[in-house]
Amino acid sequence: MRILVLGRTGYLGRHVVAHLRGLPDTHLPEAGRSSTGAGPGLRIDLAADSPDRLAKTLAEAAPDAVINCAGATGGDAVTLAEVNARGPAALCAALRQAAPRARLVHLGSAAEYGPGEPGAKVTETAATRPLGPYGATKLAGTAAVAASGLDAVVLRVGNPVGPGAPPTGLPGRVAALLREAGTATRTGTETGAGAGAGAGAGVGAEAGAVLRLGDLSAYRDFVDVRDVARAAVLAATAAGPLPPVLNIGGGEAVRVRDLVHLLARRAGFGGRIEEDTGPAGGSARSAAVSWQCSDITAAGEALGWRPSYTLEESLAALWTDGAAPTGGGGTAEGAGGTEGDRSP
């Protein structure tokens with residue numbers, strides 16, 4: 001089976017590729033904005049390429065399935081629209097020309113739902129009320145896939161966590177701050193552990209260290225990135241048609257504060273964690289979306305999928321994985337602000 005993974009160098013894409021490489025009789029054509037080893041004919045830029053150009057590349061790749069992990073979480077509204085909305089639409093148009101029978105698995109986002117009702121789990125049929133350009137552009141991408149007429153499914157992913165989590169998302173950022181705090185304590189320097197600080201090396205901190213973060217009172221649905229990858233592979237290889245949208249999450253709402261304290265304990269951090277709960281603390285989205293939790297029943301019924309990692313296991317893997325990978329742009333081809341990097 002030939003499975004083409006787009007956004008293969010991003011946080012989610014790397015794990016999808018790793019999972020696929022463990023499957024027998026599976027070939028992974030290489031294609032991307034900065035494709036290496038595949039030749040210039042398999043260069044794909046969903047944000048810029050015309051559908052006709054994309055169709056020529058897809059015809060060369062001849063996929064049986066396409067898993068689209070490409071996406072942007074950062075940048076201005078134009079960048080988000082180009083990658084998250086225009087990209088999936090162009091991909092669908094190209095697939096209709098070049099590979100109309102291929103299964104398309106598109107990674108959407110739970111941010112498409114917008115604010116949740118505290119105590120409730122949102123199902124795939126719930127109203128979508130995204131806040132801000134990120135959720136709105138992801139929803140536009142989902143609409144393009146759903147209306148494409150292709151054999152397609154959108155996986156609406158919660159907040160990914162686990163090995164390799166980048167510092168552009170909260171779990172990866174907190175891990176980086178904890179490492180920095182440990183380094184600063186050992187060297188006798190100030191930690192400077194603000195929300196935008198970079199990653200350091202080392203572990204733990206003495207009792208005098210302080211980790212300063214924004215408001216951590218929101219609830220989020222965290223899911224291990226390896227479970228997301230497994231769901232994407234199951235969706236790509238499943239026999240028969242699938243529902244148009246499936247939620248992929250942990251299925252439980254976790255207070256962000258609890259995640260931070262669990263990670264601090266895993267790191268052996270002995271200092272204080274201080275929250276700025278004022279207007280300047282945290283993001284506007286976190287303040288407006290205090291609760292997110294997905295009902296994952298449908299994914300279990302359609303794919304036989306359930307999360308296999310506990311939050312504690314995900315955080316342990318994040319911590320032992322070491323410093324997060326670095327990158328520099330806004331799309332999921334190995335750049336900062338890639339899909340799956342979203343902060344709560």
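Being a predicted model, the structure only gives us computed values, none of them experimental. In this chain, residues are counted from 1 in sequence order.
- Put simply, the side chain of Asn84 gets close to the backbone of Ala72: a donor and an acceptor are under 3.5 Å apart.
- Here the side chains of Glu252 and Lys121 are in contact, with some heavy-atom distance below 4.5 Å.
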> Between Asp215 and Ser217, does a side chain to side chain donor-acceptor pair (under 3.5 Å) hold up when you go through it step by step?
Replying inline: CA-CA 6 Å; Asp215 187 356; Ser217 62; 2.9 Å; yes
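- Without hydrogens or angle criteria, Ser109 side chain to Ala111 main chain gives a donor-acceptor distance under 3.5 Å.
- A cation-pi arrangement, defined by a distance under 6.0 Å to the six-membered ring centre and an angle within 45 degrees of its axis, is absent between Arg129 and Tyr113.
- Taking a cutoff of 4.0 Å between a charged side-chain nitrogen and a carboxylate oxygen, Glu112 and Lys138 do not qualify as a salt bridge.
- Although no hydrogens or angles enter the test, the distance criterion places a donor-acceptor pair under 3.5 Å between the side chain of Thr137 and the main chain of Pro133.
- Looking at Arg220 and Val289, their side chains come closer than 4.5 Å, going by heavy atoms from C-beta outward.
- At a threshold of 4.5 Å between non-hydrogen side-chain atoms, the residues Leu303 and Leu246 count as touching.
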>> Assess the residue pair Asp258 and Leu311 against the criterion (side-chain contact (heavy atoms from CB on, under 4.5 Å)); give the C-alpha distance rounded to whole Å, side-chain angles, the decisive distance to 0.1 Å, and a yes or no.
In response: CA-CA 10 Å; Asp258 295 339; Leu311 181 59; over 6 Å; no
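- With hydrogens and angles ignored, the 3.5 Å screen pairs a side-chain donor or acceptor of Asp321 with a backbone N or O of Gly164.
- In this structure a side-chain-to-backbone donor-acceptor pair under 3.5 Å is present from Asn247 to Asp295.
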> Step by step, would you call Asp221 with Asn159 a side-chain contact (heavy atoms from CB on, under 4.5 Å)?
Replying inline: CA-CA 6 Å; Asp221 189 334; Asn159 286 80; 5.5 Å; no
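- Atom CG of Asp45 and atom CD of Glu82 lie 9.0 Å apart (nearest 0.5 Å).
- Tracing side-chain contacts under 4.5 Å through hydrophobic residues (I, L, V, M, F, W, Y), one never reaches Leu139 starting from Val122; they form parts of separate clusters.
- The CG atom of Leu46 sits 8.0 Å away from the CZ atom of Arg86 when rounded to the nearest 0.5 Å.
- The backbone N or O of Ala140 sits nowhere less than 3.5 Å from a side-chain atom of Thr142 that would complete a donor-acceptor pair.
- Expressed to the nearest 0.5 Å, how far CG of Leu150 lies from CG of Leu95 amounts to 5.5 Å.
- Screening Val210, Leu211, Leu213 against Glu274 for a side chain to side chain contact (heavy atoms under 4.5 Å, CB included) leaves a single residue, Val210.
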> Run the side-chain contact (heavy atoms from CB on, under 4.5 Å) check on Leu6 and Ile44 step by step: do they pass?
Replying inline: CA-CA 8 Å; Leu6 302 178; Ile44 289 181; 3.8 Å; yes
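- Defined by atom type and a distance below 3.5 Å, a donor-acceptor pair is missing between the side-chain atoms of Ser50 and Asp52.
- When all heavy atoms of Leu131 and Pro115 are compared, the pair lying nearest together is CD1-CG, 3.8 Å.
- For the residue pair Asp227 / Ser308, a side-chain donor-acceptor distance below 3.5 Å is found, with atom types taken as modelled.
- Taking 4.5 Å as the limit, every side-chain heavy atom of Val256 sits out of range of all side-chain heavy atoms of Val254.
- Minimum heavy-atom separation, Ile248 to Ala231: CD1-CB, 3.7 Å.
- Residues Ile67 and His106 fail the side-chain proximity criterion, which asks for heavy atoms closer than 4.5 Å.
- Scanning both residues, Ala267 and Leu178, for their nearest heavy atoms gives CB-CD1, 4.0 Å.
- Arg8 places no side-chain N or O within donor-acceptor distance of the main-chain N or O of Val17, the cut-off being under 3.5 Å.
- Glu275 has a carboxylate O that lies under 4.0 Å from a charged side-chain N of Arg257, or vice versa, which qualifies the two as a salt bridge.
- For the pair Val66 and Val105, the minimum side-chain heavy-atom distance is 4.5 Å or more.
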>> Let's go through Arg103 and Asp151 carefully: what are the C-alpha distance in whole Å and the side-chain angles of both, what is the deciding distance for salt bridge (charged side-chain N to carboxylate O under 4.0 Å, His left out) to 0.1 Å, and is it a yes or a no?
In response: CA-CA 5 Å; Arg103 164 73 53 81; Asp151 177 10; 2.8 Å; yes
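- Without hydrogens or angle criteria, Arg2 side chain to Ala62 main chain gives a donor-acceptor distance under 3.5 Å.
- Looking at residues two or more places apart in sequence or on another chain, you find a ring pair (Phe, Tyr, Trp, His ring centres under 6.0 Å) between Tyr219 and Trp291.
- Closest non-hydrogen pair, Met1 versus Thr237, comes out as SD-CG2, 3.9 Å.
- Using a distance-only test at 3.5 Å, with no hydrogens or angles considered, no donor-acceptor pair links the side chain of Arg266 to the main chain of Trp319.
- What you find for Cys92 and Ala144 is that their closest heavy atoms are SG-O, 4.1 Å.
- Atoms NE2 and OG1, on His19 and Thr26 in that order, are 10.0 Å from each other to the nearest 0.5 Å.
- Looking only at side-chain heavy atoms (C-beta outward), Val161 and Leu170 stay at 4.5 Å or farther from each other.
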> For Leu91 and Leu58, what are the C-alpha separation, side-chain angles and deciding distance, and is it a side-chain contact (heavy atoms from CB on, under 4.5 Å)?
Replying inline: CA-CA 9 Å; Leu91 174 61; Leu58 291 171; 4.1 Å; yes
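- Note: the hydrophobic cluster containing Val157 does not contain Tyr309 (ILVMFWY, side chain heavy atoms under 4.5 Å, direct or indirect links).
- For the residue pair Ile3 and Pro29, the shortest heavy atom distance occurs at O-CD, 3.3 Å.
- We find the CD-OG1 distance between Glu30 and Thr9 to be 10.5 Å, quoted to the nearest 0.5 Å.
- Under the 3.5 Å distance criterion, the side-chain polar atoms of Asp224 are left unmatched by any main-chain donor or acceptor of Gly162.
- For Glu301, there are no side-chain hydrogen bond (donor to acceptor under 3.5 Å, both in side chains) partners two or more places apart in sequence or in a different chain.
- Taking CD from Glu60 and CG from Leu4, the interatomic distance works out to 11.0 Å, rounded to the nearest 0.5 Å.
- The shortest distance between side-chain heavy atoms of Leu12 and Pro160 falls below 4.5 Å.
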